[in-house]
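Notes for the one structure printed next.
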Amino acid sequence: MAGAMGTPYLQRKFRSKKREVFEDILEERRQSSDLRYAMKCFSPVIYKSFIPCKPSALKAMVLESDQLQYVMRQINLESGESLDVIQDQATEILDEMGQNLTLAAIRMFALTLSKIFKRLFQKVCVNEEGIQRVSTAKSQVSNSF
């Protein structure tokens, strides 16, 4: 009957022995200006063999790639649609994927999203170690196939 009275054993929360570390990924955002974040200089890592090209040239290279040509031929065989129609569809998809937004629009979007997330969420806690473990396990599984 002592268990029904609310002993400390029943009130104790069960936790794992290994302490998980969660980080608030919005904490840095709260400490600085949203406008400063949106205007921050972005310089991506450029790979050694990477040669910058215009978006139109990149789309043309993708459309002419062997892999895409193979997939388009497979779709042609399966659906019976002409290659011209399939290539037009692929071009539309690439145009949509490679939307040519101006930097001002992207920065405004970043500012807006930052404001929205800060207003909606008190914290966004992420277990970086857990994400890393899942990512490692996922890559090991995909490599085994």
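When reading the values below, keep in mind they use all heavy atoms of this one structure, side chains included, and skip hydrogens, waters and symmetry mates.
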Residues clustering with L77 (ILVMFWY side chains joined when closer than 4.5 Å, directly or via others): none
As an exercise, state the distance from CD of E23 to CD of E129, rounded to the nearest 0.5 Å. 9.0 Å
For F121, side-chain contact (heavy atoms from CB on, under 4.5 Å) partners two or more places apart: L26, F117, V124
For K118, does the NZ atom sit with more than 12 other heavy atoms under 6.0 Å from it, leaving out its own atoms? yes
Qualifying residues under side-chain hydrogen bond (donor to acceptor under 3.5 Å, both in side chains), relative to D24, sequence neighbours excluded: R30
For M61, the other hydrophobic cluster members (4.5 Å side-chain criterion, sorted by chain and number) are L58
Within the 4.5 Å heavy-atom criterion, are L113 and F109 side-chain neighbours or not? yes
Residues in side-chain contact (heavy atoms from CB on, under 4.5 Å) with V71, at least two apart? I75
With rounding to the nearest 0.5 angstrom, report the CD to CE distance, E92 to M97. 14.0 Å
Kindly compute the distance separating CG (L63) from CD1 (I93), expressed to the nearest 0.5 Å. 10.0 Å
Can you measure from CG (D95) to NZ (K59) and round to the nearest 0.5 angstrom? 4.0 Å
Rounded distance [0.5 Å steps], CG in D88 versus OG in S82: 8.0 Å
For E81, enumerate each residue passing the side-chain contact (heavy atoms from CB on, under 4.5 Å) test, keeping only those at least two apart in sequence or located in another chain. S79, V85, I86, Q89
Would you please name every residue forming a side-chain contact (heavy atoms from CB on, under 4.5 Å) with I131, sequence neighbours left out? V126
